[in-house]
Amino acid sequence: QVQLVESGGGLVQPGGSLRLSCAASGSIFSINYMGWFREAPGKQRELVAISPSGGKTTYADSVKGRFTISRDNAKNTVYLQMNSLKPEDTAVYYCNVVANGRTWWGQGTQVTVSS
């Protein structure tokens, strides 16, 4: 099986930065996609950024220009660098990986942007 372990969430002031990490482990034969979703209270889970293997990265309009997704393929790890954070970015952030022909989810990490 594949396990995803997230880290890097926390409390930050508006305008601050955080870097999320998600490490995939287990029996991984192929990865088609690595990305990040977020879920705020009372809202549906939404896509934040995706990094398809061999494809172009894409971002939600709300984070474009502020967030950067990157991957360390040797470590099967995906990162989300979040800059110029806004209160509306407050949510639980979930790592998502398509590997071995199925979807895997991280446990979620809380990001709170508040003064």
Side-chain angles (χ1 to χ4, degrees):
Q1 304 301 302
V2 175
Q3 298 83 39
L4 306 179
V5 179
E6 301 180 35
S7 62
L11 174 64
V12 65
Q13 294 183 345
S17 298
L18 286 173
R19 187 186 187 218
L20 307 182
S21 299
C22 174
S25 62
S27 299
I28 302 173
F29 300 100
S30 63
I31 296 177
N32 291 333
Y33 158 110
M34 303 186 83
W36 293 92
F37 289 71
R38 67 186 181 187
E39 184 176 334
K43 298 181 65 177
Q44 297 185 55
R45 189 172 299 186
E46 65 177 357
L47 188 145
V48 176
I50 56 173
S51 178
S53 300
K56 294 182 178 180
T57 59
T58 59
Y59 299 89
D61 288 341
S62 60
V63 307
K64 197 170 297 181
R66 300 186 297 119
F67 291 11
T68 302
I69 188 171
S70 61
R71 290 167 59 171
D72 185 339
N73 292 327
K75 297 180 179 180
N76 289 326
T77 300
V78 62
Y79 306 93
L80 185 68
Q81 178 67 47
M82 304 184 293
N83 299 324
S84 302
L85 283 162
K86 304 175 180 180
E88 65 188 47
D89 295 319
T90 296
V92 177
Y93 284 70
Y94 294 91
C95 177
N96 180 51
V97 175
V98 176
N100 301 348
R102 59 176 289 182
T103 299
W104 309 86
W105 291 95
Q107 81 279 8
T109 184
Q110 177 71 48
V111 172
T112 302
V113 184
S114 176
S115 299

Below 4.5 Å, heavy atoms only, C-beta onward: do Ser25 and Val5 meet side chain to side chain?
no

Hey, is the main chain of Gly35 close enough, under 3.5 Å, to the side chain of Asn96 for a donor-acceptor pair?
no

Are the side chains of Gln110 and Thr90 in contact, using a 4.5 Å heavy-atom criterion?
yes

Ala91 versus Ala40, closest heavy-atom pair with distance:
CB-N, 3.9 Å

Cluster overlap Trp36 with Tyr94, hydrophobic side-chain contacts below 4.5 Å:
no

Could you give the distance from CG (Leu80) to CZ (Phe37), rounded to the nearest 0.5 Å?
12.0 Å

Can you tell me how far CE of Met82 sits from CZ of Arg19, rounded to the nearest 0.5 angstrom?
11.5 Å

So do the side chains of Ser70 and Ser51 get within less than 4.5 Å of each other, counting heavy atoms only?
no

Do Val2 and Val97 touch side chain to side chain, with heavy atoms closer than 4.5 Å?
no

Would you mind reporting whether Tyr59 and Arg66 have side-chain heavy atoms less than 4.5 Å apart?
no

Should the pair Phe67 and Tyr93 be assigned to parallel (<30°), tilted (30 to 60°) or perpendicular (>60°) ring geometry?
tilted

Measuring only between side-chain heavy atoms, which start at C-beta, is Lys75 closer than 4.5 Å to Ser21?
no

Kindly give the heavy-atom pair with the smallest separation between Gln81 and Asn83, and that separation in Å.
NE2-OD1, 3.0 Å

Leu85 with Val92, same ILVMFWY side-chain cluster at under 4.5 Å:
no

Ser27 to Asn100 - nearest heavy-atom pair and separation
O-ND2, 2.6 Å

Of all the heavy-atom pairs spanning Gly10 and Leu18, show the shortest one and how long it is.
O-CD1, 3.9 Å

Just by distance, do the side chain of Gln107 and the backbone of Glu6 share a donor-acceptor pair under 3.5 Å?
yes

Strictly by modelled atom types, are Asn32 and Ser53 linked by a side-chain donor-acceptor pair under 3.5 Å?
no

With a 4.5 Å heavy-atom cut-off, do Trp105 and Arg45 have their side chains touching?
yes

Would a hydrophobic clustering, with Ile, Leu, Val, Met, Phe, Trp and Tyr connected at side-chain separations under 4.5 Å, put Ile50 with Val63?
no

Closest approach of Arg102 and Gln1, non-hydrogen atoms and distance?
NH1-OE1, 4.1 Å

Does Asp89 use its side chain to pair, donor to acceptor, with the backbone of Val111 at less than 3.5 Å?
no

Using 0.5 Å steps for rounding, measure from the OH atom of Tyr33 to the OG1 atom of Thr103.
8.0 Å

Would you give the length of the straight line joining atom CG of Asn76 to atom CD1 of Ile31, rounded to the nearest 0.5 angstrom?
4.0 Å

Does Tyr79 use its side chain to pair, donor to acceptor, with the backbone of Thr68 at less than 3.5 Å?
no

Residues Asp61, Lys64: salt bridge by 4.0 Å N-O rule:
yes

Distance, nearest 0.5 Å, that separates CZ of Arg71 from OG1 of Thr57
10.5 Å

